[in-house]
Amino acid sequence: QVQLVESGGGLVQTGDSLRLTCTNSGRTVSTLVMGWFRQAPGKEREFVAAISRSGASTDHADSVKGRFTISRGNERNTVYLVMNSLKPKDMANYYCAADYFPMHSSDYVPRAPAEFAYWGQGTQVSVSS
């Protein structure tokens, strides 16, 4: 059972930092591949970052590379997104996504939203200029 809960969003100023947290509140004994996506009003949902089951592989969108970092927590199926040097263009609703991907290696890191079956409700990030 997968139930994703995001937290950590808020209103910040340009240049500030935030840390988003995503936790699976459901019961599962398996480690999930987990990722972050974002969606601004009137725009399509876009990939931000993802991390493999092993935690050894990560992928970040070019637009956030060098500013955002995804990592796994000590608890199984908890991930963080540390966002530094936030810009107004980062303002969006940020969604956590997850899935098992049992047929892929433990280092598999997908990017497409359609690959993820489980989604959280989202947490809003607002950046004032």
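Within the structure, disulfide bond (SG atoms under 2.5 Å apart) contacts touching residues 18-111 (residues at least two apart or in different chains) are C22-C96. Residue pairs meeting the salt bridge (charged side-chain N to carboxylate O under 4.0 Å, His left out) criterion with at least one member in residues 92-101, sequence neighbours excluded, do not occur.
The hydrophobic clustering, which links ILVMFWY residues whose side-chain heavy atoms are closer than 4.5 Å, places V48 and M34 together. Two different hydrophobic clusters hold I70 and V5 under the rule that ILVMFWY side chains link at heavy-atom gaps under 4.5 Å. Taking hydrophobic clusters as Ile, Leu, Val, Met, Phe, Trp and Tyr residues chained together by side-chain heavy-atom distances below 4.5 Å, V79 does not share a cluster with F37. W36 and M83 fall within the same hydrophobic cluster, defined by Ile, Leu, Val, Met, Phe, Trp and Tyr side-chain heavy atoms under 4.5 Å apart, directly or through other members.
F68 meets the ring-ring contact (aromatic ring centres under 6.0 Å, His included) test with no other residue; sequence neighbours excluded. Residues passing the side-chain contact (heavy atoms from CB on, under 4.5 Å) test with T31, sequence neighbours excluded: R53, R72, R76, N77. Every residue meeting the salt bridge (charged side-chain N to carboxylate O under 4.0 Å, His left out) condition with K65, not counting sequence neighbours, appears here in chain and number order: D62. Residues satisfying the ring-ring contact (aromatic ring centres under 6.0 Å, His included) test with Y100, not counting sequence neighbours, are none. Evaluation of the ring-ring contact (aromatic ring centres under 6.0 Å, His included) rule for Y95 yields no partner, not counting sequence neighbours. Legend: residues meeting salt bridge (charged side-chain N to carboxylate O under 4.0 Å, His left out) with D90, ordered by chain and number and at least two apart, are R38, R67.
Under a 4.5 Å side-chain heavy-atom criterion applied to ILVMFWY residues, the cluster that includes M91 comprises that residue alone. Grouped by direct or indirect side-chain proximity (heavy atoms under 4.5 Å, Ile/Leu/Val/Met/Phe/Trp/Tyr only), Y80 sits alone.
Between atom CG of residue L81 and atom CD of residue E6 there is a gap of 11.0 Å, rounded to the nearest 0.5 Å. Taking CD of E46 as the start and CD of Q39 as the end, the distance is 9.5 Å to the nearest 0.5 Å. Of the inter-residue distances, the one linking S52 atom OG with L32 atom CG reads 12.0 Å to the nearest 0.5 angstrom. Rounded to the nearest 0.5 angstrom, S25 OG and Q1 CD are separated by 7.5 Å.
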N/O donor-acceptor pairs under 3.5 Å from side chains in residues 109-122, not counting sequence neighbours:
residue, atom, partner, partner atom, Å
R111, NE, D59, OD2, 2.6
R111, NH2, D59, OD1, 3.2
R111, NH2, H60, O, 3.2
E115, OE1, Y108, OH, 2.5
E115, OE2, Y108, OH, 3.4
W119, NE1, F116, O, 3.1

Side-chain donor-acceptor distances from residues 8-18 under 3.5 Å, at least two apart:
residue, atom, partner, partner atom, Å
T14, OG1, S128, O, 2.9
D16, OD2, Q13, N, 3.1
S17, OG, N84, OD1, 2.8

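The heavy-atom pair separating V125 from L20 by the smallest distance is CG2-CD2, 4.1 Å. The minimum heavy-atom distance between T123 and S7, with the atom names listed, is OG1-C, 4.3 Å.
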